[in-house]
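Inspection log for the structure reproduced underneath, given as C-alpha cells.
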2 protein chains.
Amino acid sequence: MQRPRPAPSARVTIKAVAAQAGVSAMTVSNVFNNTGKFSRDTRDRVLAAIDALGYVPNSAARRLVGATPTRVGLLYAGVDSMFIDATLAAAAVASAERGLQLMARKVASPQDALDTARALQRAGADALLVLPPFDLALSGSAQFLALNMAAAAIATAAPLPDMFTVRIDNRAASRAITELLIAKGRRRIAIISGPQDHSDSVERLRGCRDALEAHGMPLMADLVIDGRFTFASGLEAAERLLGLDAPPDAIVAANDDMAAAALWAAHRRGLSLPRDLAVTGFDDTLLATRVWPALTTVRQPIGQMTARALDLLLLALQRGSGGAHPVDSLETYELVERAST
Amino acid sequence: MQRPRPAPSARVTIKAVAAQAGVSAMTVSNVFNNTGKFSRDTRDRVLAAIDALGYVPNSAARRLVGATPTRVGLLYAGVDSMFIDATLAAAAVASAERGLQLMARKVASPQDALDTARALQRAGADALLVLPPFDLALSGSAQFLALNMAAAAIATAAPLPDMFTVRIDNRAASRAITELLIAKGRRRIAIISGPQDHSDSVERLRGCRDALEAHGMPLMADLVIDGRFTFASGLEAAERLLGLDAPPDAIVAANDDMAAAALWAAHRRGLSLPRDLAVTGFDDTLLATRVWPALTTVRQPIGQMTARALDLLLLALQRGSGGAHPVDSLETYELVERAST
DNA sequence: GTTGCTGGGTTTATCGTTAAACCTCAAGCG
DNA sequence: CGCTTGAGGTTTAACGATAAACCCAGCAAC
C-alpha cells in the first residue's frame, strides 16, 4: 500500500479549467455558479472544459470563503431502537447525496440537548437535525434561540415556531390503525404508548382514544401502559397486559420495537396469533417484516423525511437566516396491513 | 425583554487566540498540534487563551492546506439487511466522532464498484471504507491500485494485499456455532449460506463443514442452499429445506435476516421452536433479540469494527505511509446463546 | 462630443491554517 | 574567540474559491 502524495494531476482546480477554457478563474466560477456574468459563447467553452477535466469544486475552499454551509449536526437519543438506527442510516445517505457533513451526537438526556447543540455549533455545525424528544427540549427556549441556528425536527407532533418540522399526521394514523382493529372485531384493545415527553407519542395515544371513543369504547386506564420505545420496556408492558384477569384481545404499540415485544410475550404464553391477540406497530421499520407474524403497522417514510429535512435546512441557509416562518412539512403515511391482525 | 443576538457570533480564529496569548498565530498552531516547538511557559499561556476563548479550529481551512484528510467514502450494497443499516449508522456515528465527512454511496453491482470509487475520489474522498462484496470487486485490480487511495474493508474473509481489513474469524465462529448445535444433539443440520461472491460467506460455510466433518457428519448437498443475505432469499431457502421429505432439525443461517426468515418458515408450519427446529443467525444485529425465539448467533462487534477501520485509514493517511503493509485487524467475536437453540 | 450606462469580463484581496524558510539569542566547543 | 548548534520562536507563502472592486468597448442620449 505505497501511498506517496497523490499525483499532482489528481485534483483538478478551477485554474486548470480556466486555462483550458482560455478565461480567468473568476469567469469559471461565474459560469459554475450561474451568476449570469458571461456570454453564451464563453459559457459553452467553460462547460466543455469542466466536463473534459472532470472538475469538482473543492468544498473546503468554498466553505472557507463562507459560500456554502456544509455541516449538519444531528441530535439523537442513545436508545436501541430500529427507528433510530434507520434514521441514522438514512441521514448518512441523504447527507452524502447532498455533499453535507453529518455530525451525529448521542444525547443522554433532554437536559443535555442544549449543551450538545452548543458544542455542535462551536465545532462548526451550520444547522441542526433533531430527533425526538429533543425537539421539545430545545424549542421555545431562549438559549436555543440565541444560538441562531437553523434547525429541523423529524417526527414531531405539530409545527413549531422556531424550527422546521417534518412529520406525518400521527394522530390520524394512530386512529386509522385502531379503527382497523375495531373493524376486525377486537373489543378489548390495549395500548403500549411511547414516553409522554415525546410529542409524537402523545399524538399517537390521542389517535387511539379518538378511535375508541368514536365507537363507544372508552379507553380503560389499566389497558394503557407507557413504554419507553424500547423492546425491553415493551416486553414489560406486554407481560403486564397479558397477565391481567381480563387480558386484551389486541395491542396497539407506539412503535415496532414494542410491538415485537408484544409478540414475544404472546408467544411465550403460547397464544395463537392473530387469533388470540392482534398486535400493531408503528414506523414500518425493517423489523415489521422480520418478526412473525409480520406486523400491521403505519409506514413512516423515514428516508424521505430525512431528505426533506435536509433540503429545508439547506434552503434556509441559502436564503440567509432572515425571517421566514419555519416550514412544516406533512408527509403521507400509509397503513400497511400484515399478518399480525 | 431579551433582544436577538447582535451578530452570529464571529467565530474565534487562531489569530484571536494568538493576540490573547501574545504570540504569533503559528505558535498557537504549534501548541495546538503539539509539534514541540514551544516552551512550557508559552504553551500554558496559549492553552489558557484557547480555553478562555473556546477556540475550535476551522476544519475547512485546515483541509485546504492539506493538513487533515477529512472525507471518507463508503461503498455499500443496496440490500435490505440489518447488517447494512447497522453499519451505516455506526459509520455515521464513528465519522462524526472523528470529525470526518462520510460519503456513503450505494453500489448497484460489483462491476460498478470501481466507477463509484473513482467518482468518490473525484468528489474529494481521501479514503475508502468498503463493505462486502466490494472488497473482492476492488482488491487486486490494477485500476483500483491506480486510484492510489487508502482503503479499508470491513467484514472480509482474509487479509488483502492492497487494503486494510477489519474482520472476525468467520470460519472459527461458524464452526463454533455449528459445534454448539451438534452438542445439543442436532443431527440433521442444514445451512442457508450467503452469496458465494462474498468472501465472508465462503468462510462461514467452510466453518460449518469443518464442524460437521469433525463429527463424522459430512455435509449433504441438499441441505445447503445459497441465499443472498436478504430475508426474502432466506425465506425461500427455508421453505425448501423444511419441505424436504427428511427436513432438518437445525438450520445455520449466514446472517440474522435469513435466520429470521427460517423462524418464519417454521412458524408457518406450526413447528415448535426450538424443539422441532433449532436456528442460528450471524452478526447479532438488533434483529436477533427482537424475533421469537431470540436467536443464538455470533456477535460481530459492528461499531467497534467500523471505528477501527476509520482509525486505520486516518493513521495511514497521516503517515503518508510509504510501503507499510496493510494491517489486518482481527476482532473478537462472541457466541451468544439464546432461546432459538 | 462629453457623459452615462451596460454587458462581459479581469484583478485583487481574503477566508483560517499550516509547511517551510527564516530569525535570534544563548550555550557549547575546540 | 569565532563558529556551530539548537531551542524557541516569527514571517511568508501558499491552499482553492469567491466577493467586490475595477476595467473597457461600444452604444444611447442630450
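Lettering of chains follows the sequences in order, A, B, ..., and the numbering in each one begins at 1. These numbers were taken from a predicted model, which means no experiment stands behind them.
In this structure, B/Y76 has its ring center at least 6.0 angstrom away from the ring center of B/F134.
In summary, B/R118 and B/D115 engage in a salt bridge, as defined by a charged side-chain N under 4.0 Å from a carboxylate O. A salt bridge between B/R167 and B/D135 is absent, with no side-chain N of the basic residue lying under 4.0 Å from a carboxylate O of the acidic one. Taking 4.0 Å as the cut-off between side-chain N and carboxylate O, B/D112 and B/K106 do not count as a salt-bridged pair.
The side chain of A/S39 contributes no N or O atom lying less than 4.0 Å from OP1 or OP2 of C/dG7. Between B/T27 and D/dG8 there is no side-chain polar atom (N or O) within less than 4.0 angstrom of OP1 or OP2.
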Can you give one letter per nucleotide of nucleotides 13-23 of chain C, 5' to 3': B if a protein heavy atom sits under 4.0 Å from the base, S if only from the sugar-phosphate, - if neither?
--BBBBBB---

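A/S24 comes within contact range of at least one nucleobase, with a heavy-atom separation under 4.0 Å.
In this structure, A/D311 and A/R98 have side chains that are in contact, with non-hydrogen atoms separated by less than 4.5 Å.
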